[in-house]
Amino acid sequence: EGCSQGGFFLSLLNYKTEKYVITENRKIGILFRLYQLAVLGYIIGWVFVAKKGYQEKEEAIQTSVFTKLKGVALTNNSEAGLHIWGAEDYIIPPNGEQVFFIVTNYLQTPNQRLGFCPENYKVPDGRCVSDHDCEEGEAVIAGNGIKTGVCINSTGTCEIHAWCPVESKPLLSVAENFTVYIKISSAFRSLISQSKSNVLETAESHYLKNCTYDRDFHPYCPIFRLGTLVSLTGNDFQEMAAKGGSVGILIEWKCDLDKDYSRCNPEYSYTRLDINQNSSITSGYNFRYAKYFKDQNGETYRTLYKVYGIRFDIMVNGQAGKFSIVPTIIASAQVLLYWGAFACDMILLYMMNTSSFYRDSKFEIVNFKYDHFSVNLHN
């Protein structure tokens with residue numbers, strides 16, 4: 001029993017190899033070699049070169065986004081008079097974040113007081129022909145107040161109890177030439193401790209004061225003209241400004257850390273988010289807010305604003321890779337096993353005293369034409 005156990009453990013040290021039957025068939029041989037080349041091309045071309053399978057990857061990018069808007073515009077209307085709009089009026093939130101809203105059009109209704117007035121004709125549920133269409137106490141759907149039961153013939157709408165007068169037509173304010181500064185700091189902490197910014201590192205002190213982002217001439221200038229951002233989505237700024245919209249700015253970092261770190265730079269892409277070609281949902285973006293006041297008699301009145309604008313969503317993602325021995329071994333494990341067996345076979349076939357005996361034992365040659373002729377002759 002002891003001898004059998006010893007023989008078993010010694011057998012584990014034997015080198016076991018496959019015996020090959022060499023078939024002299026050129027068509028099968030060519031097909032096999034082509035298959036081998038395809039597998040080798042996949043491993044080298046796709047796994048190692050294209051997908052960089054030898055690198056350790058990180059996709060959990062850490063980012064910090066800071067935005068700052070600059071621009072001034074002048075509006076003039078009979079109710080509010082001259083008004084200069086600065087960045088503090090145009091951008092919401094004013095301190096700049098990853099999502100911000102630029103006012104491009106607004107509807108101002110000043111001196112609103114609680115009372116009775118006709119509903120806006122643009123509201124379908126507020127239109128009427130007779131008092132029967134204006135049921136008292138019923139709220140106007142998507143409207144501005146509560147119906148009083150009276151149909152006002154001069155406007156063709158129901159009288160409502162609301163903040164009066166109701167909204168009028170919007171006033172366009174130009175913001176196409178406004179600029180926004182977008183600063184992004186990103187880092188791949190598991191691969192490198194140093195953070196990376198989208199601001200071009202240059203010794204020129206006035207670079208940021210003079211540059212504006214341009215895909216060809218200034219691709220790493222962080223100052224963007226609003227009209228340019230919208231045009232890069234394939235839309236016209238003035239058309240989007242009238243009813244508002246939403247623009248996505250995708251900033252993508254693809255960093256090969258085996259190369260110089262200065263070549264790790266962002267790539268920008270742009271898309272309009274509020275349009276769905278396969279949906280009946282209307283495009284645009286707007287909201288309302290009000291400012292309340294008291295007159296000398298202590299009565300409350302307000303100015304209502306309905307603002308249209310463009311919402312900008314800054315989306316950052318990325319991936320970094322750096323050479324690591326572990327993924328390299330994993331990606332090439334099958335190849336390494338094959339080449340290990342190949343090396344051992346080469347030693348036995350060409351470097352041992354018993355090479356010819358091993359070669360005769362390992363390979364058996366089959367010739368279809370000769371074997372077929374021999375079988376027929378025998379029969």
Q: Counting distance only, does the side-chain N/O of Asp274 pair as donor-acceptor with the main-chain N or O of Ser246 below 3.5 Å?
A: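 Yes; at least one donor-acceptor contact below 3.5 Å.
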Q: Quick one: sort the Phe224 and Tyr268 rings into parallel, tilted or perpendicular, breaks at 30° and 60°.
A: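 The arrangement is perpendicular - the two ring planes meet at more than 60°.
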Q: Would you check, one step at a time, whether the test side chain to side chain contact (heavy atoms under 4.5 Å, CB included) holds for Tyr213 with Ile182?
A: CA-CA 11 Å; Tyr213 173 82; Ile182 303 175; over 6 Å; no
Q: Between Glu119 and Asn144 (side chain of the first, backbone of the second, donor and acceptor by atom type, cut-off under 3.5 Å), is there such a pair?
A: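 Answer holds: yes.
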Q: Could you tell me whether Lys183 atom NZ has more than 12 heavy atoms of other residues or ligands within 6.0 Å of it?
A: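 Counting other residues, nucleotides and ligands, NZ of Lys183 stays at 12 neighbours or fewer.
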Q: Check this for me, if you would: do Glu176 and Arg225 make a salt bridge, where the nitrogen-to-carboxylate-oxygen distance has to be below 4.0 angstrom?
A: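 Salt bridge flag = yes for Arg225 with Glu176.
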Q: Verify side chain to side chain contact (heavy atoms under 4.5 Å, CB included) between Cys151 and Ser130, making sure each step is shown before the conclusion.
A: CA-CA 6 Å; Cys151 178; Ser130 65; 5.5 Å; no
Q: Any chance you could measure Glu135, atom CD, to Cys128, atom SG, to the nearest 0.5 Å?
A: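 That separation rounds to 13.5 Å.
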Q: What are the two closest heavy atoms between Thr212 and Cys221, and how far apart are they?
A: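 Looking at all heavy atoms of both residues, the shortest contact is N-SG, 3.6 Å.
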Q: Is there a chain of hydrophobic side chains (I, L, V, M, F, W, Y, each step under 4.5 Å between heavy atoms) that links Tyr270 to Leu226?
A: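 Per the 4.5 Å side-chain linkage, Tyr270 and Leu226 are co-clustered.
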Q: Measuring from Ile310:CD1 to Leu229:CG, what's the distance to the nearest 0.5 Å?
A: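 One finds 9.0 Å between CD1 of Ile310 and CG of Leu229.
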Q: How far apart are the closest heavy atoms of Ile251 and Pro266, and which atoms are they?
A: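 Smallest heavy-atom distance, with atoms named: CG2-CB, 3.7 Å.
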Q: Between His161 and Phe116, does the ring centroid distance fall short of 6.0 Å?
A: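 Yes, they do, as the ring centres are separated by less than 6.0 Å.
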Q: Looking at CG of Asn153 and CG of Asp131, how far apart are the two atoms once the value is rounded to the nearest 0.5 Å?
A: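 So the CG of Asn153 and the CG of Asp131 are separated by 8.0 Å.
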Q: Is the Cys117 SG less than 2.5 Å from the Cys164 SG?
A: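 Correct, these two cysteines form a disulfide.
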Q: Same cluster or not: are Leu232 and Phe237 linked, directly or through other Ile, Leu, Val, Met, Phe, Trp or Tyr residues, by side-chain heavy atoms under 4.5 angstrom apart?
A: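 Same cluster: Leu232 reaches Phe237 through Ile, Leu, Val, Met, Phe, Trp or Tyr contacts under 4.5 Å.
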Q: Would you say the side-chain atoms of Asn297 pair up with the backbone N or O of Asp295, donor to acceptor, closer than 3.5 Å?
A: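 Not at all, since once roles are kept as given, no pair shorter than 3.5 Å links the two residues.
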Q: If you group Ile, Leu, Val, Met, Phe, Trp and Tyr by side-chain heavy-atom gaps below 4.5 Å, do Tyr305 and Val103 land in one group?
A: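 Cluster IDs for Tyr305 and Val103 match.
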Q: Assess the residue pair Phe293 and Asn111 against the criterion (side chain to side chain contact (heavy atoms under 4.5 Å, CB included)); give the C-alpha distance rounded to whole Å, side-chain angles, the decisive distance to 0.1 Å, and a yes or no.
A: CA-CA 9 Å; Phe293 311 93; Asn111 197 27; over 6 Å; no
Q: With heavy-atom distances below 4.5 Å as the criterion, would you say the side chains of Met240 and Thr104 are in contact?
A: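 Counting from C-beta outward, Met240 and Thr104 never come under 4.5 Å.
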Q: Are any side-chain N or O atoms of Asp313 and backbone N or O atoms of Val99, one a donor and one an acceptor, separated by less than 3.5 Å?
A: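 Side chain of Asp313 to backbone of Val99: no pair is present.
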Q: Identify the heavy atoms of Tyr121 and Thr155 that sit nearest to each other, and give their distance.
A: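 Distance-wise, the nearest heavy atoms are CD1-O, 3.5 Å.
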Q: Check Gln112 against Val166 and note the closest heavy-atom contact, atom names and distance.
A: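 The pair with the smallest heavy-atom distance is NE2-CA, 4.1 Å.
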Q: Any idea which heavy atoms bring Ala290 and Arg302 closest together, and the distance?
A: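 Looks like CB-CD, 3.9 Å.
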Q: Nearest 0.5 Å please: distance from the OG1 atom of Thr228 over to the CG atom of Asn177.
A: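 CG of Asn177 is found 8.5 Å from OG1 of Thr228.
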Q: Taking it one step at a time, do Lys147 and Asp125 satisfy side chain to side chain contact (heavy atoms under 4.5 Å, CB included)?
A: CA-CA 10 Å; Lys147 297 176 183 178; Asp125 190 50; 3.6 Å; yes
Q: With a 4.5 Å cut-off on side-chain heavy-atom distances among I, L, V, M, F, W and Y, is there a chain of contacts connecting Phe101 to Leu304?
A: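 Phe101 does not cluster with Leu304.
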Q: Could you give the distance from CD (Glu159) to CD1 (Ile146), rounded to the nearest 0.5 Å?
A: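 Answer rounded to 0.5 Å: 13.0 Å.
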Q: Starting at OG1 of Thr109, measure out to CH2 of Trp163 and round the result to the nearest 0.5 Å.
A: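 If we round to the nearest 0.5 Å, Thr109:OG1 and Trp163:CH2 are 12.5 Å apart.
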Q: Taking all heavy atoms of Tyr301 and all of Lys294, pick out the closest pair and write down the distance.
A: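 That closest heavy-atom pairing would be CE2-C, 3.8 Å.
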Q: Are Tyr292 and Leu114 in one and the same hydrophobic cluster, where Ile, Leu, Val, Met, Phe, Trp and Tyr link if side-chain heavy atoms are under 4.5 Å apart?
A: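 Yes, same cluster.
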Q: Please state whether the rings of Phe287 and Tyr285 are parallel, tilted or perpendicular, taking 30° and 60° as the class boundaries.
A: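 Rings of Phe287 and Tyr285: perpendicular, over 60°.
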